[in-house]
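Quick caveat: nothing in here was measured; it's all calculated off a predicted structure.
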Amino acid sequence: MSLENIKDRNLALTQAYQLFAQLFASAPPIALYKDVLSLTELKAPQLPPILTENPDEAAAAHYYIFNLETLPYESLFSEESLSTGGPRTLLLQNEYQKYGFDVRRYKMAADHLSTQLRFLSHLSGLTAHAAEQSAPFEQHQLEEATQHFLQNHFLLWVPAYCQSLNPRNAERQYQQAFVFFQELTLFILQIAQEHGDSLTDGSMSVPSHAKTKPCILDTPECGINDIARYFATPSLCGVFLRRSDIQEIGRALDLPSGFGPRIDMLTMLFTCAAEYNSFEPLLRGLEDQIKEAQHFHTKESTSEVWANDCAETIERIEALSSQARELAQPPRSKAQTNTSSINA
């Protein structure tokens, strides 16, 4: 590719990433949505009325989607801590500083989706400038930095975030908005994947998640709290279970899920399921969610990493279901079997 083409391509990416970043930070003006639609080819090309007709309703919908139902932070998808501000956030801050990107000006966390899109815009702008100045060594360094960031950060977690934007169980007035943002995020993911492939002269490989070994579900010490934490952790179970997903499973089984953090809701759900002999049906409800996510990654996001995580979880659900059936056997039968590893 000629330097002129490299410059033009990166200038286009600079503008595109910057435009997309504004959509996730806060409720944008209607004109911005229209600009995005003019640049994209979405399966859902119509803007949902709730995002365009009333600024207050648009702001409420944006807050509901990106602050209550889904959480667009890399740490929540790539770490087991279930919180932001940890090692991955610090790692990102160091990478930003290295390339003169001041994250403080945006007042967003370093691992937030909008911040990462702005950083990709920043790197693309620097690469375009290096091509214009005929500085091949600097250009190569920037391309390597972009490749590293896409491979080890952006492309590692955004597929799972795309899946979490599904409209299932969303309140009716927000369902079209969920569809719009999921299609939009998938489009951004495709651009980022193509961007990465262009830097590697082929298909970019994405590393698997670093997981704690052995998995707590495979140990004799496994208890209700451990199971709840496993299913609350996307990097372990392969899916981000929204509060509405957890509530829907609870309603289907006539079990309370409570309120508060997702892990607290799952802990209550598993505790009540164990008490009311609904442990295996609960696992089946979760399995349906995992299978749906696996299908999404196979068909839409094309992420082998997250599809494999889902497959591993489905296998573990089968093992837990077998243990649950063993626990549900009458006392006389249970005496003839080995002790289950589920510490209910």
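Here the side chains of V305 and H209 are in contact, with some heavy-atom distance below 4.5 Å. Counting heavy atoms from C-beta on, the side chains of Q151 and S205 come closer than 4.5 Å. In this structure the side chain of S303 never reaches within 4.5 angstrom of the side chain of Q163, judged on heavy atoms. Side-chain contact between N169 and Q289: present, with at least one pair of heavy atoms (C-beta onward) separated by less than 4.5 Å. The closest side-chain heavy-atom distance from R9 to S198 is below 4.5 Å. In this structure the side chain of L320 never reaches within 4.5 angstrom of the side chain of Y230, judged on heavy atoms. At least one side-chain heavy atom of R262 sits under 4.5 Å from a side-chain heavy atom of L82. Between I50 and Q176, the closest side-chain pair of non-hydrogen atoms is not below 4.5 Å.
Across all non-hydrogen atoms, the minimal contact from A311 to Q294 is CB-NE2, 3.5 Å. When every heavy atom of R105 is checked against every heavy atom of D102, the shortest pair comes out as CG-O, 3.0 Å. Residue Q175 comes nearest to A170 through the heavy atom pair NE2-O, 3.2 Å, listed as atom of the first residue, atom of the second, then distance. Of all heavy-atom pairs between C310 and G238, the closest is SG-O, 3.5 Å. When all heavy atoms of A27 and A58 are compared, the pair lying nearest together is CB-O, 4.1 Å. Nearest heavy-atom pair, L76 versus S83, reported as atom, atom and distance to 0.1 Å: CD2-N, 3.6 Å.
Under the 4.5 Å side-chain heavy-atom criterion for ILVMFWY residues, a single connected hydrophobic cluster contains both L189 and F181. Connection of I188 to L11 is not established within any shared hydrophobic cluster, with ILVMFWY side chains joined at heavy-atom distances below 4.5 Å, either directly or through further cluster members. Hydrophobic clustering (ILVMFWY, side-chain heavy atoms < 4.5 Å, transitive): Y33 and V36 are in one cluster. Linking Ile, Leu, Val, Met, Phe, Trp and Tyr residues whenever their side-chain heavy atoms come within less than 4.5 Å leaves L91 and V103 in two separate clusters. Linking ILVMFWY side-chain heavy atoms closer than 4.5 Å, directly or via other members, places L32 and L13 in a single hydrophobic cluster.
Under the 3.5 Å distance criterion, the side-chain polar atoms of T200 are matched with a main-chain donor or acceptor of D197. Side chain of S75 to backbone of T84: no donor-acceptor contact under 3.5 angstrom is found. With hydrogens and angles disregarded, no donor-acceptor distance shorter than 3.5 Å links the side chain of D218 to the backbone of P214. At distances below 3.5 Å, not a single donor-acceptor pair connects side-chain atoms of N152 with backbone N or O atoms of F149. Listed for the D226 side chain is a donor-acceptor partner under 3.5 Å among the backbone atoms of G223. T313 contributes a side-chain N or O that, together with a main-chain N or O of C237, makes up a donor-acceptor pair within less than 3.5 Å. At distances below 3.5 Å, not a single donor-acceptor pair connects side-chain atoms of R118 with backbone N or O atoms of L113. Judged by distance alone, with hydrogens and angles left aside, the side-chain atoms of Q18 form no donor-acceptor pair with the main-chain N or O of S121 at under 3.5 Å. Remark: the backbone N or O of L156 is paired with a side-chain donor or acceptor of W306 at under 3.5 angstrom. Between the side chain of Q139 and the main chain of T127, no donor-acceptor pair closer than 3.5 Å is present.
R88 CZ to S235 OG: the interatomic distance, rounded to the nearest 0.5 Å, is 9.5 Å. To the nearest 0.5 angstrom, F137 atom CZ is 10.0 Å from L142 atom CG. Taking CD1 of I246 as the start and CG of L282 as the end, the distance is 10.0 Å to the nearest 0.5 Å. A distance of 9.0 Å separates CG of D35 from CD of Q22, quoted to the nearest 0.5 Å. To the nearest 0.5 Å, atoms CG (L71) and NE2 (H112) are separated by 8.5 Å. Here the straight-line distance linking atom CZ of R316 with atom CG of L283 works out to 13.5 Å at 0.5 Å rounding.
When each of L286, N225, L255 is paired with F270, the side-chain contact (heavy atoms from CB on, under 4.5 Å) condition holds for L286 and for no other. Here the rule is ring pair (Phe, Tyr, Trp, His ring centres under 6.0 Å) with F24, and of Y73, Y17, F66 only F66 fits it.
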Checklist entry - Stepwise, does the side chain to side chain contact (heavy atoms under 4.5 Å, CB included) test hold for T271 with Y276? => result CA-CA 9 Å; T271 301; Y276 292 103; over 6 Å; no
Next on the checklist: Is there a side chain to side chain contact (heavy atoms under 4.5 Å, CB included) between F154 and Q193? Walk through the geometry before answering.
Outcome noted: CA-CA 10 Å; F154 194 85; Q193 183 67 62; over 6 Å; no
Item to check | CA sep, side-chain torsions, deciding dist, call: H295, K291, side chain to side chain contact (heavy atoms under 4.5 Å, CB included) | outcome: CA-CA 6 Å; H295 177 75; K291 285 182 175 179; over 6 Å; no
Checklist entry - Please walk me through it: do F180 and L37 pass side chain to side chain contact (heavy atoms under 4.5 Å, CB included)? => result CA-CA 10 Å; F180 172 78; L37 282 182; 3.9 Å; yes
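The aromatic rings of F101 and Y96 sit perpendicular to each other, their planes meeting at more than 60°, with 30° as the lower class boundary.
Atom CG of D254 sits in a sparse spot, with 12 or fewer heavy atoms from other residues, nucleotides or ligands closer than 6.0 Å.
Remark: the Q147 side chain and the E143 side chain contain no N/O donor-acceptor pair separated by less than 3.5 Å. Side-chain contact, N308 with E312: no donor N or O sits under 3.5 Å from an acceptor N or O. Using modelled atom types and a 3.5 Å distance limit, the side chains of E144 and H140 yield a donor-acceptor pair. If you check the side chains of H153 and E95, you find a donor sitting under 3.5 Å from an acceptor. Between the side chains of W157 and E79, not a single donor N or O lies within less than 3.5 Å of an accepting N or O.
Between Y161 and F240, the distance separating the two ring centers is not shorter than 6.0 angstrom.
Under 4.0 Å is where a charged nitrogen must lie from a carboxylate oxygen, and between R251 and E248 at least one such pair does. Looking at E318 and R284, a side-chain N of the basic residue comes within less than 4.0 Å of a carboxylate O on the acidic one, giving a salt bridge. Ion pairing between a basic and an acidic side chain is recognised when a charged N comes within 4.0 Å of a carboxylate O; R168 and E292 show such pairing.
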